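These notes are about the structure you will find just below.
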Amino acid sequence: MDLSFTPEQEALKQEALAFARRALADDLIARDRESEFSRDLWEKCAAFGIQGSAFPAEYGGGDADIISVMRLMEGLGQGCKDSGLLFALTGQMWTVQMPILRFGTEEQKERYLPRLCSGESIGAHGMTEPGSGSDAFSMRTTARLDGDDYVLNGSKTFSTSAPIADVFIVFATVDRSRGFMGVTAFIVDRDTPGLEVGREIEKMGLRTAPMAELFFDDCRVPVANRLGREGNGATIFGEAVEWERACILASVVGAMERQLDACIAYANTREQFDRPIGKFQAIANKIADMKVRLETARLIVYNAGWAKKSGGKAAVESAIAKLYVSECWQKSCMDAVQIHGGYGYTTDFEVERDLRDSVAATLYSGTSEIQRNIIARYLGL
Ligand SMILES: Cc1cc2nc3c(=O)[nH]c(=O)nc-3n(C[C@H](O)[C@H](O)[C@H](O)COP(=O)(O)OP(=O)(O)OC[C@H]3O[C@@H](n4cnc5c(N)ncnc54)[C@H](O)[C@@H]3O)c2cc1C
């Protein structure tokens, strides 16, 4: 069993790391405080080829295989401290661009993908509703066919990038009595009459990735903007979250490496009782545990990527990756704050921001409890 990356994949990671350190470092402490998204960094990422990386060249993409894309994201996560930016970027790639690529008509692909890949457009995903989160298919947003349009009514919440998005993938039911068989996906342009983007939702972490509610009031969406067949929304959603769960934490693996390096440097320089704190076994053990989490998280993420690359379906591998890496990331963030002592609790040392950002990882794209349910179901429980 050969677990090594190809020289090209290794080079990709190093290029992404160098790019992130060079081009994506700004006054993040201030932007995080102000909950400010950076369009400038978004466009730099697009110019470097991030948004397009996994997509065909004919739509402005980079045609990279999934392992290469993960390697790219790992380098980015290591070099860029703006976890909000990377979360919004990867969310768009897997839950907006990928569904359009996989289920869109040729006209839809040509219309939306090049602009999403180039950074000209930003995409958001609207599934969660105030009354339906984990039980996503019990949604109340309806779509009624009326001539050449569907008429959407209802609301969505927690939609990442909604305040800045130009286009939304929205799920609505054409018939609630059909359960998940009634769920249908639509591509909705921001300027569609009847769509209102609500207030920006303030949150604990990932503050540079804005989030908002969406309201649909007799919002007329042309039939030409339906994504896939009527009633195929559950399949489209399922596939999108599988991609997302497999890949979204690749950048977190990079962030874990960045955090580990910062903790080693701090433990070697901060002295108490006339010696570096790293010489205390209690601190050294925390750092050793962080290293073990990093290495196991990396293996599990690439295992999910490998499953997607070789077989296509990887629901269980993706659930395991999402569950394990998000929980490792949270634990390591807690350790990083503890290693930094009181300074770790201050904004200047930046490990407190990682901790706040990490809490989201066990919630978005299906909570840890839901990932455990998926794994247990696979085991026949
Ligand atoms: C940062 C962030 C970004 C997000 N971005 C988006 C986005 O772009 N688009 C979008 O549509 N949504 C988005 N979400 C929403 C996210 O998908 C939901 O928050 C998540 O699915 C959980 O739904 P909920 O918040 O309604 O919690 P609930 O479903 O109400 O769950 C509450 C608690 O009950 C537990 N629970 C629920 N059902 C079960 C069960 N069957 N077994 C065991 N435990 C259970 C949950 O695990 C959780 O602990 C985002 C969320 C966050 C935090």
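Keep in mind that this is a model prediction, so the values were computed, not measured. In listed order, ligands and their atoms are each counted from 1. Numbers here simply count residues along the sequence, with the first being 1.
- Counted by atom type alone, Ser121 and Tyr112 present zero donor-acceptor pairs between their side chains at under 3.5 Å.
- Under the side-chain hydrogen bond (donor to acceptor under 3.5 Å, both in side chains) criterion, Lys308 pairs with Glu242, sequence neighbours left out.
- Using modelled atom types, one finds no donor on one side chain facing an acceptor on the other under 3.5 Å when comparing Gln97 with Tyr59.
- The aromatic ring centres of His340 and Tyr345 sit 6.0 Å or more apart.
- A salt bridge between Lys331 and Glu327 is absent, with no side-chain N of the basic residue lying under 4.0 Å from a carboxylate O of the acidic one.
- Defined by atom type and a distance below 3.5 Å, a donor-acceptor pair is present between the side-chain atoms of Tyr150 and Arg226.
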Measure and list all N/O to N/O distances between ligand 1 and the protein that fall under 3.5 angstrom.
residue  : atom   : partner : partner atom : Å
ligand 1 : 5 (N)  : Phe158  : O            : 3.0
ligand 1 : 5 (N)  : Thr160  : OG1          : 2.8
ligand 1 : 8 (O)  : Thr160  : N            : 3.0
ligand 1 : 8 (O)  : Thr160  : OG1          : 3.3
ligand 1 : 9 (N)  : His125  : O            : 2.9
ligand 1 : 11 (O) : Met127  : N            : 2.9
ligand 1 : 11 (O) : Thr128  : N            : 2.8
ligand 1 : 11 (O) : Thr128  : OG1          : 3.1
ligand 1 : 12 (N) : Thr128  : OG1          : 2.7
ligand 1 : 23 (O) : Ser134  : N            : 3.4
ligand 1 : 29 (O) : Ser134  : N            : 2.8
ligand 1 : 29 (O) : Ser134  : OG           : 2.6
ligand 1 : 41 (N) : Asn373  : ND2          : 3.4
ligand 1 : 42 (N) : Asn373  : ND2          : 3.0
ligand 1 : 47 (O) : Thr367  : OG1          : 2.6
ligand 1 : 47 (O) : Glu369  : OE1          : 2.8

